[in-house]
Amino acid sequence: MKKYLLLIEDEKLWNKFKGIINKDINTEIINLIKEKIKTRGKK
């Protein structure tokens with residue numbers, strides 16, 4: 001599996017994101033990517 005580094009420059013936005021996630025950060029980011037792919041494919 002490949003690993004990627006995620007850089008977040010907006011600390012306030014990052015703290016909001018961390019506050020709403022239900023699982024670990026990696027799983028949440030993967031779910032966001034999957035959702036974006038689904039919605040983009042419907043256009």
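Scope of the values below: all heavy atoms of this structure, side chains included, with no hydrogens, waters or symmetry mates.
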Atom pair NZ (Lys16) and CG (Leu13), whose distance is rounded to the nearest 0.5 Å: 7.0 Å
d(Thr27 OG1, Leu32 CG) to nearest 0.5 Å is 11.0 Å
For Ile21 and Lys18 the tightest heavy-atom approach is CG1-O, 3.4 Å
Specify the closest pair of heavy atoms between Glu28 and Asn22, including all atoms of both residues, with the distance to one decimal. OE2-N, 3.1 Å
Flag side-chain contact, heavy atom, 4.5 Å: Leu6 against Trp14: yes
Non-hydrogen side-chain atoms of Glu35 and Asn31 separated by less than 4.5 Å: no
With side chain to side chain contact (heavy atoms under 4.5 Å, CB included) as the criterion, how do Phe17 and Ile29 come out once you've worked through the C-alpha distance, each side chain's angles and the decisive distance to 0.1 Å? CA-CA 10 Å; Phe17 177 72; Ile29 292 172; 4.2 Å; yes
